[in-house]
Amino acid sequence: MNIYTRLHEIVLETLSKIAASGSIPTDLSLGRVTVESPRDPSHGDMSTNAAMVLSKAAGMKPRDLATLIQEGLLSDPLIESADIAGPGFINIRLAPSAWREILSEILATGSSYGESKRGAGEKINVEYVSANPTGPLHIGHARGTVFGDVLASLLEKVGFDVAREYYVNDAGSQVDVLARSAHLRYREAQGEDIGAIPSGLYPGDYMIPVGKALVDEFGDKWLKAPEEEWLPVIRRFTVDAMMKLIRKDLGALGVHQKVFVSEQSLVDSGKVETAHATLADRGLIYQGVLEPPKGKTPDDWEAREQELFRATDFGDDVDRPLRKSDGSWTYFASDIAYHLDKYDRGFKTQIDVWGADHGGYVKRMKAATNAVTNGAAELDVKICQIVKLLDKGEPVKMSKRSGTFVTLSDLVDAVGKDVVRFIMLTRSNDAPLDFDLTKVTDQSRENPVFYVQYAHARCHSAMRLVGDTFSDIETDRASLSNADLSVLEDSAEFALLKVLAAWPRTVEAAALAHEPHRIAYYLQELAAEFHGLWTKGKEQPTLRFIIDNDETQTRARMALVRAVQIVLESGLNILGVEPVEELR
RNA sequence: GCGCCCGUAGCUCAGCGGGAUAGAGCGCUUGAUUCCUAAUCAAGAGGCCACAGGUUCGAGUCCUGUCGGGCGCACCA
């Protein structure tokens with residue numbers, strides 16, 4: 001059990017005992033009572049704000065109330081000391097055995113240490129990537145892809161029933177452009193000289209094989225046919241080809257979404273009409289004329305009456321159009337249908353992961369999801385800021401127009417999937433990210449992927465070598481669970497135990513805040529603590545993991561090493577990074 | 001002009017439903033290796049947490065405003 005929640009319970013139990021004795025009211029609101037680890041270790045292992053938060057309602061001075069709580073806490077065997085400090089903090093020091101028990105727990109539970117049932121099996125939908133099916137994924141897609149994938153894993157870890165989805169935008173005018181680009185390549189594949197690709201069409205070489213595949217599939221059937229005949233067929237064919245390409249790229253990154261929802265299918269099945277009708281029934285749609293945006297009026301602006309959704313009723317800045325001037329649905333209209341569709345499939349909690357360029361779209365989508373589900377579904381949108389690709393500190397030039405942009409598969413080929421995945425989470429999603437192709441493969445402290453992997457490899461190294469000294473020490477979990485842990489006494493060992501103890505809380509907090517980068521940070525912290533103890537053993541031989549003449553101590557240290565290894569491994573697993581046992 | 005995000009050490013960034021004397025890496029200074037991978041570690045210097053108000057026992061964290069940077073702004077997706 002999470003030692004923080006356990007302490008929290010102890011504090012609450014203490015408070016209820018005090019209330020039962022009549023010293024404080026029994027109906028105090030305890031929601032603000034917290035237990036946390038103080039920044040300053042001299043303040044103890046844990047501290048609680050209970051006395052300060054409750055003093056007003058209890059009608060007592062904080063320090064007087066603290067004294068009552070202190071007495072109650074001291075009767076618990078887990079607690080070694082409790083001191084009152086500052087304005088009314090109660091600083092708690094745990095018995096050493098309480099920390100050592102963390103090891104026993106890790107050895108007993110293995111990779112499931114850190115999991116919880118907090119999500120209680122609630123269905124939650126994470127939609128990410130959702131790149132237009134008009135070409136291969138490029139580096140700009142990589143961040144949101146990793147973010148969404150890891151967030152999904154994280155949510156699973158704390159007990160949610162997670163769906164990983166990709167929304168395929170196969171209905172708009174962009175896929176018509178794609179189809180025309182494919183048709184051009186189709187003509188080329190039949191020997192026609194097509195010259196330069198006209199502007200407005202997709203110029204990339206990745207379209208060449210599509211043209212050839214179209215010939216294989218259809219022969220010359222569409223060569224002379226009018227566009228309205230071949231367009232729907234070639235569009236479908238080409239979108240499918242692009243999605244194959246994209247799924248291959250995702251696979252190389254270790255991403256395997258199960259559900260791909262087609263925008264066109266929502267239109268065809270009438271889902272968009274349904275969503276539209278739902279909003280209309282609630283009186284949220286009207287005919288109106290929008291003001292041109294201030295400060296930046298488009299050249300072709302024309303005031304016209306159109307069908308608008310009352311987004312302003314739900315916190316958006318202006319009402320939003322649902323139909324284009326040609327009468328077809330806007331992207332927004334089908335996206336509303338998509339979010340309603342998710343809700344109809346049982347997802348009351350939805351997360352969308354978008355790039356920074358879509359930030360302006362967040363309010364309207366939240367407004368629409370709220371409106372179309374009558375407030376029953378909640379949408380969180382996570383915006384990932386841009387990735388700046390560098391090489392040795394110099395920006396790598398990219399141009400989508402000339403087709404020289406770096407594709408995701410190029411990136412994975414260059415540095416490996418594990419590096420891409422880890423580095424993408426070394427910043428909060430709100431912060432821009434520098435991705436230096438050279439630095440991320442360095443074997444140095446500067447490279448967090450290496451640093452964490454090295455710690456993990458060192459764990460395995462110690463466990464490989466212990467048999468040379470003690471042939472009867474086995475390093476599997478079950479064997480080590482018999483170790484006598486009471487010989488672990490050094491402060492550096494306890495520092496490590498405390499980091500290990502924080503793992504379940506870190507996982508849960510990261511999951512609930514939808515902030516997977518916290519896992520990457522935690523792993524660096526754990527690795528740093530472990531490297532520190534390792535080096536300390538070089539200076540102070542009694543702290544080495546393998547002690548020649550002391551089998552009991554060695555066994556206890558191996559238990560510690562195994563626990564570190566287990567937590568590093570499970571953290572890397574959440575990130576989708578393969579833990580290595582050896583570095584070369 | 002409006003909205004969203006950001007502003008923390010020289011640089012790049014963490015800072016966990018508000019908590020005590022604000023952290024890490026890089027860079028700089030000084031050290032540690034007969035021994036489990038020194039591919040590492042330890043110590044030191046370095047801060048009006050952009051600015052001004054407010055909320056409260058307590059604010060880097062919440063609210064308002066100002067300044068600075070990024071992104072976006074009918075009928076693309």
Side-chain angles (χ1 to χ4, degrees), chain A residues 31-32 34 36-40 42-43 47 49 52-53 55-56 62 85-89 91 130-132 134 169 171-175 263 289-298 300-304 306 308 316-318 320-321 323-326 328 330-332 334-335 355-363 383 385-386 426-434 442-448 450-451 454-455 457-458 461-466 468-469 502 505-506 509-510 512-513 515 517-518 521-522 524-525 528 531-539 541 544-546 548 561 582-583:
Chain A
R32 290 168 61 216
T34 60
E36 51 195 48
S37 52
R39 276 202 287 248
D40 185 341
S42 72
H43 291 142
S47 81
N49 61 358
M52 290 178 294
V53 170
S55 68
K56 198 174 274 182
F89 287 103
N91 292 332
S130 298
N132 291 340
T134 54
N169 302 130
S173 55
Q174 293 190 1
V175 285
E263 181 186 3
V289 180
L290 286 177
E291 297 284 314
K294 294 213 161 56
K296 188 198 172 188
T297 305
D300 59 346
W301 171 267
E302 50 170 312
R304 70 174 181 91
Q306 53 190 339
L308 300 172
D316 200 358
D317 307 307
V318 294
R320 303 292 180 177
R323 284 188 205 273
K324 303 178 198 172
S325 48
D326 67 359
S328 64
T330 60
Y331 173 79
F332 181 49
S334 48
D335 217 355
D357 55 341
H358 287 63
Y361 199 76
V362 174
K363 276 191 183 181
I383 297 291
Q385 293 299 317
I386 54 166
T426 52
R427 291 286 175 262
S428 146
N429 60 292
D430 286 328
L433 173 78
D434 289 345
D442 274 357
Q443 299 206 333
S444 76
R445 175 73 175 94
E446 260 191 272
N447 177 4
F450 164 75
Y451 187 73
Y454 184 35
R458 273 184 152 174
S461 170
M463 290 189 290
R464 269 196 305 273
L465 287 163
V466 71
D468 296 348
T469 311
R505 169 185 241 215
T506 302
L512 296 180
E515 291 185 357
H517 73 276
R518 293 192 202 176
Y521 275 89
Y522 171 87
Q524 293 181 71
E525 188 191 346
H531 285 310
L533 180 58
W534 184 288
T535 305
K536 211 170 167 188
K538 290 185 174 300
E539 293 153 6
R544 290 167 56 82
F545 294 116
I546 301 168
D548 288 346
V561 169
E582 214 169 346
L583 287 162

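Keep in mind that what you see is a predicted model, and the values were worked out from it rather than measured. Below, chains carry the letters A, B, ... as their sequence lines are ordered, and counting in each starts from 1.
Within the 4.0 angstrom heavy-atom criterion, no nucleotide atom of any strand lies near A:Asp468. Among the protein residues, A:Ala85 comes within range of the nucleic acid bases, having at least one heavy atom under 4.0 Å from a base atom. At a threshold of 4.0 angstrom between heavy atoms, the contacts of A:Val318 with the nucleic acid are absent. Residue contacts shown for A:Pro541 are absent, as no nucleic acid heavy atom lies under 4.0 Å away. Residue contacts shown for A:Leu512 are absent, as no nucleic acid heavy atom lies under 4.0 Å away. Nucleic acid contact class of A:Tyr521 (heavy atoms, under 4.0 Å, all strands): sugar-phosphate only. Within the 4.0 angstrom heavy-atom criterion, base atoms lie near A:Asn49. Using a 4.0 Å heavy-atom distance criterion, A:Pro62 is classed as making no nucleic acid contact. Counting non-hydrogen atoms under 4.0 angstrom, A:Gly359 reaches nothing in the nucleic acid. Among the heavy atoms of the strands lying under 4.0 Å from A:Phe450 is at least one base atom, whether or not backbone atoms are also near. No contact: A:Arg464 has no heavy atom under 4.0 Å from any strand. Within the 4.0 angstrom heavy-atom criterion, no nucleotide atom of any strand lies near A:Glu525. Within the nucleic acid shown, A:Arg518 comes within 4.0 Å of sugar-phosphate atoms alone, with no base atom in reach, counting heavy atoms only. Within the nucleic acid shown, A:Glu302 comes within 4.0 Å of at least one base atom, counting heavy atoms only.
Under the Watson-Crick or G-U wobble criterion, with both distances below 3.5 Å, B:rA38 is left unpaired in every strand shown. As the counterpart of B:rA50, B:rU66 is assigned, both hydrogen-bonding distances of the Watson-Crick or G-U wobble pattern falling under 3.5 Å. Remark: B:rC16 base-pairs with no nucleotide; criterion is Watson-Crick or G-U wobble with both hydrogen-bond distances under 3.5 Å. Base-pair partner of B:rC2: B:rG72 (Watson-Crick or G-U wobble, both distances under 3.5 Å). The partner of B:rC11 is B:rG25, by the rule that a Watson-Crick or G-U pair needs both atom distances under 3.5 Å.
With hydrogens and angles left out, the side chain of A:Asp335 and the base of B:rA77 share no donor-acceptor pair within 3.5 Å. In the interface, the side chain of A:His358 is paired with the base of B:rA77 through a donor and an acceptor atom under 3.5 Å apart. With hydrogens and angles ignored, a donor-acceptor pair under 3.5 angstrom links the side chain of A:Ser47 to the base of B:rA20.
Look at NZ on A:Lys56: it is 8 Å from P on B:rU56, rounded to the nearest Å. Here B:rA77 presents its P atom at 13 Å from CZ of A:Phe332, a figure rounded to the nearest Å. If you measure from atom CE of A:Met52 to atom C1' of B:rC57, you get 8 Å, rounded to the nearest angstrom. Residue A:Gln385 contributes atom CD, which lies 11 Å from atom P of B:rC13 at whole-angstrom precision. When rounded to the nearest whole Å, the span between CG of A:Asp442 and P of B:rA38 equals 19 Å. At whole-Å resolution of the value, CG in A:Asn91 and P in B:rG19 are 15 Å apart. Protein atom CD of A:Gln306 is 11 Å distant from nucleotide atom P of B:rA74, rounded to whole Å. Atom pair A:Glu36:CD and B:rC16:P shows a separation of 10 Å (rounding to whole Å applied).
When all heavy atoms are compared, the tightest approach of A:Tyr521 to A:Arg427 is OH-NH1, 3.5 Å.
Contact between the side-chain N/O atoms of A:Arg544 and the OP1/OP2 oxygens of B:rC35 is not found at any separation under 4.0 Å. Neither OP1 nor OP2 of B:rA74 sits under 4.0 Å from any side-chain N or O of A:Tyr361. In this model, the phosphate group of B:rA38 is not approached by any side-chain N or O of A:Lys536 to a distance below 4.0 Å at OP1 or OP2. Using a 4.0 Å cut-off, no side-chain N or O of A:Lys538 falls inside it from OP1 or OP2 of B:rC41. For B:rA38, the OP1/OP2 oxygens have a side-chain nitrogen or oxygen of A:Arg458 closer than 4.0 Å. In this model, the phosphate group of B:rA14 is not approached by any side-chain N or O of A:Arg427 to a distance below 4.0 Å at OP1 or OP2. Side-chain N/O atoms of A:His517 include one lying less than 4.0 angstrom from OP1 or OP2 on B:rG15.
Nearest to the side-chain atoms of A:Arg39 among the listed nucleotides B:rU40, B:rA74, B:rA22 stands B:rA22. Across B:rA38, B:rG3, B:rG25, the shortest atom-to-atom separation from the side chain of A:Trp534 is found for B:rA38.
Take the nearest nucleotide of RNA chain B for A:Gly31 and for A:Ser444: the residue whose nucleotide is more 5' is A:Gly31. Nearer the 5' end of RNA chain B, as judged by each residue's closest nucleotide, is the contact made by A:Glu446, out of A:Glu446 and A:His531.
In the model, A:Asp326 has a side-chain atom that pairs as donor or acceptor with a side-chain atom of A:Ser328 under 3.5 Å. Neither side chain, A:His531 nor A:Arg445, offers a donor N or O lying under 3.5 Å from an acceptor on the other. Counting only N and O atoms by type, the side chains of A:Tyr454 and A:Arg458 include a donor and acceptor under 3.5 Å apart. With 3.5 Å as the limit, one finds a donor-acceptor pair spanning the side chains of A:Glu263 and A:Ser334. Of the N and O atoms on the side chains of A:Asp40 and A:Ser42, at least one donor lies less than 3.5 Å from an acceptor on the other residue.
Side-chain contact between A:Leu583 and A:Phe450: present, with at least one pair of heavy atoms (C-beta onward) separated by less than 4.5 Å. For the pair A:Thr426/A:His517, no side-chain contact is recorded, criterion being any heavy-atom separation below 4.5 Å from C-beta on.
In this pair, A:Phe89 lays its aromatic ring flat on the base of B:rA20, centres within 5.5 Å and planes under 30 degrees apart. Remark: ring of A:His43 overlaps the six-membered base ring of B:rA20 in a stacked fashion, centroids less than 5.5 Å apart, planes less than 30° apart.
Remark: A:Arg320 fails to qualify as a cation-pi partner of A:Phe332 under the 6.0 Å distance and 45° angle criteria applied to the six-membered ring.
Comparing the C1' positions of B:rC51 and B:rA74 gives a spacing of 37 Å, expressed to the nearest Å. Look at the P atom in both B:rA20 and B:rG31: the space between them is 36 Å, to the nearest Å. B:rU64 and B:rA77 have their C1' atoms separated by 36 Å, given to the nearest Å. Rounded to the nearest Å, the gap between the C1' atom of B:rC49 and that of B:rG15 is 11 Å. Nucleotides B:rA45 and B:rG25 place their P atoms 15 Å apart, quoted to the nearest Å.
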